[in-house]
Enquirer: 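Let me begin by handing over the structure; questions about it come next.
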Amino acid sequence: MPDALVQVRNLTKSFSTPAGKVHAVNDVSFDIPRGSITGLVGESGSGKTTLGRVLLRLIEPTGGSTIFDGQDLNRLDARELRDMRKRMQIIFQDPVSSLNPRLKVGAIVAEGLVAHRVGTRRDRKDRVVALLEEVGLQADHMHRFPHEFSGGQRQRIGIARALALEPEFIVADESVSALDVSIQAQVLNLLLDLRERRNLTMLFIAHDLSVVEYLCDQTIVMYLGKIAEIGPSQALYRDPAHPYTQALLSAIPIPDPARHAERSHLKGDIPSPLSPPSGCVFRTRCPMALDECSRTVPPPISRGSHHESYCIRTEARYEPTSPIQHP
Amino acid sequence: MPYYLFRRFVGMLVVILMVLTIAFVIVRLAPGDPAALMLGPEATVEDAAELRVRLGLDRPILIQYLSFAAAAFQGDLGTSIFFNQPVTSILAARAEPTIFLSLFSLTFALLIATPIGIYAAYRRGSFADQSAISIAMLAASVPSFWTGLMFQRYLATELGWFPAAGYGEPGADFLERMRHLILPSIVLGIVNSALILRFTRASMLDILGEDYIRTARSKGMGERRVVLRHALKNAAIPIITVIGLTFALLVSGAVVTERVFNIPGMGNLVVSAVLRRDYPVIQGTLIVVATLYVVINLITDLLYLLVDKRVKY
Amino acid sequence: MAGTSFAGEPKFLDLLFSRRAVPVALAIFVLILTLCVFAGFIAPSDPDRMSVRSRLTPPGADFWLGADAFGRDVLSRLLYAGRVSLGIGLGVALISSVIGIAIGLSAGFFKRLDGALSRLIDAMMAFPDILLAIALVSILGGSMVNVIIALSIVYAPRIARIVRASTLVIRELPYVEAARALGSSTLSIMFNHVLRNILSPIIVQGTFIFAYAMLAEAGLSFLGVGVDPSTPTWGTMINEGRQYIDQAAFLIFIPGIAISVSVLSLQLIGDGLRDAMDPRLAKEL
Amino acid sequence: MTAPVLEVRNLTVDFRSRHHSVTALRDVSFSLGAGRTLALVGESGSGKSVSSLSIMGLLPRNGEITGGAIVYRRKNGGELALNGLSQRAYRNIRGAEMSMIFQEPMSSLNPLFTVGDQIGEMLMLHSDLDAAARRGRVLEMLELVEIPAAASRLDSYPHELSGGMRQRVMIALALVCNPALLIADEPTTALDVTIQAQILDLMRRLQHELGMSILFITHDMGVVAEMADDVAVMYAGTIVESATAGDLFANPSHPYTRGLLNSIPRPGRDPGQRLVPIPGTVPSLSAMPPGCAFAPRCGWAGEECRKPVVLEAFHTGHDVACFKTREVAGNA
Amino acid sequence: EEINVAIVGEPDTFDPMMSTKDVVSIVTQHLVETLFTFDDTWAVAPLLAKDLPEISDGGKTYKIALREGITFHDGSAMDSADVVASLKRWLEVATRGKGVADKIDDVVATGPYEIEIRMNEAYSPLLSLLAFSNSAAAIYPEEILGETIDQVVGTGPYRLIEHVPDQYIQLGRFDGYVSREEASDGAAGARQQIADEIRFLPVPDPNTRVEGLLSGQYDFADSLPAESYARLETAEGAEPMLLKPFGWPIFAINHKAGLLTDLEIRKALQAALPIDDMLFAAFGDDNFFVVDGPLYPEGWAWRNDAGIENYNQNDQAKAADLLKQAGYDGTPLRILTSRQYEFHFKMAEVAKVALEAAGFKVQMDVVDWATLGQRRNDPALWDIYITHSPFLPEPALTSMYAPTSRLGWANEEKDAILTAFTTETDTAKRQELFSQLQGQVFEDVGFIKIGGFNALMGHKSGLTGVTPSPWPFFWNAKTN
Ligand SMILES: Nc1ncnc2c1ncn2[C@@H]1O[C@H](COP(=O)(O)OP(=O)(O)OP(=O)(O)O)[C@@H](O)[C@H]1O
Ligand SMILES: Nc1ncnc2c1ncn2[C@@H]1O[C@H](COP(=O)(O)OP(=O)(O)OP(=O)(O)O)[C@@H](O)[C@H]1O
Ligand SMILES: [Mg+2]
Ligand SMILES: [Mg+2]
Ligand code: NI
């Protein structure tokens, strides 16, 4: 891929819990091209957040590496990592818990500047004002506390905080999931504006496939800690190769009574990450699984330019059986 | 589960070891020479030196600590300076009144406080609720010895309803001894009911705000059933643990109450021991009481596991 | 979708005062505090001045709150004693908070220390408070400073436990992660994010410890192992007054009421603070 | 159209607090026809849950119905005014004739009772079945809601089930007494899309089989389109538009409804085409603008919008609360 | 029938030789007996001895005949061997015994029921010492004697049945007891075993003793607070019992080290003390104290007026002058006291105020009694400690006169008087010598007697046969 800002290579993270080892992210590799937005979708518990965190080395990976602009993050020592933090940032899902309720908005936005001793107190104040205005807030908001804002405004504060250090790369973890649709659109537009203005590279984590399709250039579908499918959004949405992607897409309720989706029914729930199925992790819910699926871990199979599906049956397109007829 | 039990058990042993260490350190902080203390004012310097050797006080502190801890784990807590008897047997002789005093006052507190706490939570904001918490808070604000003195004076001496003090005459039978514990149990129970009432109310309030209570109501069941079947069972879990925690409160209260009512329990013993400078007894009481606390809390935690199926280990 | 109404969120003080008892308690406590702090100006006489012949005079024109067994003015003594009692309470609340915060933060923040520190906390908490205080005071000797030290040792683990528990929760919150992502140092995270946010539960707990310490001081004095008896405290006043329960019951009633009222108002204030700081209750109101 | 099972007329609900009281619902009216599904949509805080709780008689203690009427038509045909009904009388129909599914499948089941117990309890309250018969019926229900290995799940505790399973249990619980009216308050919001799809399918199937009427609450226009026969759109405590689903999606006539539909990213739309967000935020209940609550965010708003606005028929079966309806619709 | 007696604390031993504590005396006098005892007028009377001794050789030889047919609680008979062995142990281990040991050459059995004490100098207080129940010359069977005595076996009218520490000490009638024939007279004469059991209940808290007595739980309660007098008087079932006079509070002075080694300062101290106020504050009620200077109260043969003009001066101005003369440099005067006895503490509080008015800098060291017991042995730690004593039948039983006491009060003139006093046997001459000694106490400020005070005890209505005493006994007691 041309000019990848972030290269994720065989990234693995498992947590030891009293109940056993949780394989949250399992041998994941992909590239994020500079200046593009990559979407990461998957069901709850599929490892999206964990991937976002190990990728930034906010938690230590169990294996694999992230190469950021040519530098392997896992080789950096604590000081180098702190310096590197200026270049990559994260925005969180929950607009309530991601802002310290005891700090004023000004202090929240300026935190990164203070941590890296950027500028004088005055400079920082000016920067904060500029940032607030950039995300659509007002200068005098810096003297208020987070609880005096609405959800959408809080999310903007979080974005301003992330932008303060002028990062090149941002991980947005479910940054719009907690917002009402009318507000969500405002924030999505803001993110698009920012990308245009600042040439930001972004990893956008979401569980809402429509949002990802709308926003992202490239989409990654995750299932149980592994990538199921990755590809340019347009290609992936138009021509989903992995049965899981197909099922996901067909499960999206479409806001149009005239266009009832034809459902592909997935059986059961996502298995426990404590004991993922052997071979292809999706096979337990896959309507077209073969015996072989339990034996081989599927390799990436190309479906076009930069479009890969991790399914040995990628050629055999799954035709959904139409479920119940509506009156 | 067995692994969990094992881990908890090991954890408990570590805490008990810590308890021993703290008790050892506290008493070692005491100024003066324990040997001279044991021998009393008339002892000569040579006598004291000889005793130091006999007690092992001349050895390095670490060795002393190790042998102390080793002995303690075998149930030997040293010898009382004042009584010249093993601390364990002295404590054993004082256990009965303290145990029953604690049991009675806890029972009293539970009988009074839980129903009121539940009712108060159910009718929160009502006059009954406000009065219940006000009274509870007041009860927790009055020094318990003050209450004790008043009760002793007016209920025992003036009205003669209860024995004023003591633990029955020599040879008194069990019932007679217990009769002497009624009034102190009430005094001690008052403070505890205050705590348990507030705690019951609080956890009941939490539970009553839960989604599944709304589900229960949506089933069309009566309020009584909602509260007593669905809420109480859930509220009981935190209440069980708080009962374990009140043990320390009970013992603290027992120290004062036993003193007021001259009940020959461990609380009274420890105050006397302080006045007599009987350090081994102070140390022994600290260790025994703290160990009991640790064990009781382990038991309540395990009870918790039995009742609450959610807890994972 | 979680709805948060932002403009309608009640203000802290509104919440604090939403229970009618709280402002009253606060007023009473501040009054008591002021009277005691300015005892030097307010007290009608020297608290140590004796006129033995007027001993046990009941409250009246000469002695507003009566005279004690030495013929000392009870009101004056009450005020001066209050200074000590409140001082002990406050001292214990402050010192135990500082120690507790230090231990709790370290345990919550540094995994390596956590095991040992939380066992230490458990072990300290296993000793009943009065019992531990008695043992410590008997060994340190009974003076105001030693009583404060002993009670601080007793109560610090309680704070430490709360601090540790909250630290463990807060350090996992997204805003702490955000701070780490920004490259903030551990120390600045500890103070700016963790400590700032657990301050309110600590203040609440501190108020309660203030109250408990005053009760404990009285208990220690009652048992004869408290502050050295020539220093008047409310506890020693009750203890001295005990003997005159027949002739001069006011001698134990007056300091008893002083303690109870102070402790009660502190507890009410603590409750009020807690309610005001608990967002769940805030919603319910 | 059949006779409505449920009719809500001018329902007004206030919440008291020590200092002030707020009006959470203002003149809310809608009706639910027998065997139909009415979706109540709206953003967070618009009053969807308060409406459903008012119908169930489960408003929190500081909430009070201060106006309007809720009329429920019983299975036996009799009409029952639910507002002002005694708690005792309410108890007989709650669970038996109308029941409710909540948003949070995690916390809506009592953690200390088995699934079988909790469903069985419903039968104990509303039927004469003995223990064995109850168990049989519960098992039947679990199978009906497609819980695999239902027999072994009877004695499971809620924490042993996944979110989707729990929501199925909630549905079984709600339906075990064959209610005529099912209120589902965001039953799938907490679930993943694939699970949501399963549950929505299940509910539709059960409605066909059992024939109850459903009041379906959601904030997701997609789900509305999937599920609803009729739709009522709520904004800040009032209904701003109500119509059949087809009509509403085809001719959204209230500026808010239109804004809502425009701000949703739809699958398959042109890349790069920007969404059209609604500016501003929802007003808080304690600071409602006079007149139309949506006016401050509305591009069409004019002077008259400061006056109180009511829900009026725009055309048959399609009611809108807006002075500018015609302009808006014409602009479509 | 049993008698329940509330005492102030737990005796730390049942061997009265080993302790000078009052609780020990009170309990053990029922268990073990001495050769002599005191009658109602504090005159020495025979107990295990047949009669008063024959004193010969200028007061240096005491021949003591023993009663026959006395058995110990273990059933063995008492003979001279037991007595000799017991007395020898007394001389070795008991505080008071050790005090006279250097004057005694030997104790020998001169017959199965006769012994002789041979001394190297005359020492007139010896008989009183042998009669005293405090650090008592108790008689044990020879076999049980050792460094410590585990099982107390005596000849007393009661024997120990059970001891539950801090709970009770249960004594039962000793059936083998042989009482004296004479009529009861104080501790002397017949000892009747009316009660089947006597139980001593340690009740450290004075208020609890009062409440327990009033509620009928105790038949007798020792050492009650003066404040409860009125309540006891009006109460239905209980009566106060006043021991009048009981004893005298003392400010003991450190002559070995510190501030008060200077006579001027001692005099300043003496001048400054407001005795009236101290006593009034301490005892509250005129019923309970007398402001009385002489070392012995009204009615005692030892009473005299020597030196009492120095008593109760209450003159802080004079004290200030004296301090100035002495060149007092503001070194704090350390008063060591405890609250075990509330009146000690109260006197100290009042004294402190007056002393400060006179210009002293005062430091109060309020410690518990046990600590006080230790600290006072170290002259570096105190200037004054506060104590009290009952009026003892023999002045020489008060150790403070002796230069060897922990006060270390020594001056040539006084020491000469003291030696003369203890060797003199003639009563009239001894009284004269004592008045000289008393004069020294005031002039050289050896220690300070504050006054006289009474002790309050209480008993259930209907309890008879108990005489007020610092060491009340219950063998003649009867309840109905
Ligand atoms: N700190 C942790 N300790 C143990 N397990 C963890 C931890 N963090 C995450 N997990 C587990 O790892 C798996 C992946 O979690 P993750 O939060 O990355 O999922 P997600 O895709 O972000 O889900 P969601 O959509 O719910 O946010 C889950 O099973 C989760 O329980
Ligand atoms: N117990 C209560 N006390 C005071 N106000 C309340 C109470 N319950 C709800 N409200 C208010 O009533 C309004 C409507 O709330 P409701 O829960 O019905 O919203 P909703 O549409 O269900 O939102 P969501 O999508 O978040 O569930 C909100 O503004 C809310 O703040
Ligand atoms: Mg996540
Ligand atoms: Mg809702
Ligand atoms: Ni349909």
Enquirer: With distance as the sole test, does Y214(A) use its side chain to make a donor-acceptor pair with the main-chain N or O of L275(D) at under 3.5 Å?
Expert: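 Yes; judged by distance alone, with no hydrogens or angles, the pair exists.
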
Enquirer: Non-hydrogen contacts under 4.5 angstrom with chain D: give the residues of residues 193-203 of chain A involved, or none if there are none.
Expert: D193(A), E196(A)

Enquirer: Can you say whether L192(A) sits under 4.5 Å from chain D via the side chain, the backbone, both, or neither, judging by heavy atoms?
Expert: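 Contact with chain D involves both backbone and side-chain atoms of L192(A).
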
Enquirer: Would you indicate whether the side-chain heavy atoms of I195(D) and E43(A) approach each other to under 4.5 Å?
Expert: yes

Enquirer: Quick check on the interface: out of S182(A), S210(A), S44(A), G45(A), who has the most heavy-atom pairs with chain D under 4.5 Å?
Expert: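 Top option by heavy-atom pairs under 4.5 Å: S182(A).
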
Enquirer: Quick one: does P253(A)'s side chain get under 4.5 Å of Q196(D)'s, heavy atoms only?
Expert: yes

Enquirer: Mind running side chain to side chain contact (heavy atoms under 4.5 Å, CB included) on R285(A) and T194(D) for me, showing each step along the way?
Expert: CA-CA 11 Å; R285(A) 295 174 78 195; T194(D) 58; 3.3 Å; yes

Enquirer: For the residue pair E226(D) and I254(A), what are the closest heavy atoms and their distance?
Expert: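 Distance-wise, the nearest heavy atoms are OE2-N, 4.2 Å.
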
Enquirer: Quick one: closest heavy-atom pair of A225(D) and D256(A), and the distance?
Expert: CB-N, 3.3 Å

Enquirer: With a 3.5 Å distance limit and no angle check, can you tell me whether Q184(A) reaches the backbone of S263(D) through a side-chain donor-acceptor pair?
Expert: no

Enquirer: Measure V193(D) against the heavy atoms of chain A and call it side chain, backbone, both or neither at under 4.5 Å.
Expert: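 Backbone plus side chain of V193(D), per the 4.5 Å heavy-atom cut-off to chain A.
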
Enquirer: Closest heavy-atom contact between P265(D) and V211(A)?
Expert: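 Closest approach of P265(D) to V211(A), heavy atoms only: CG-CG2, 3.9 Å.
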
Enquirer: Compare every heavy atom of I264(D) with every heavy atom of P255(A), then report the nearest pair and how far apart it is.
Expert: CG-CG2, 4.4 Å

Enquirer: Side-chain donor-acceptor pair under 3.5 Å between T281(D) and Q153(A), yes or no?
Expert: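 Side-chain D/A pair, T281(D) to Q153(A): absent.
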
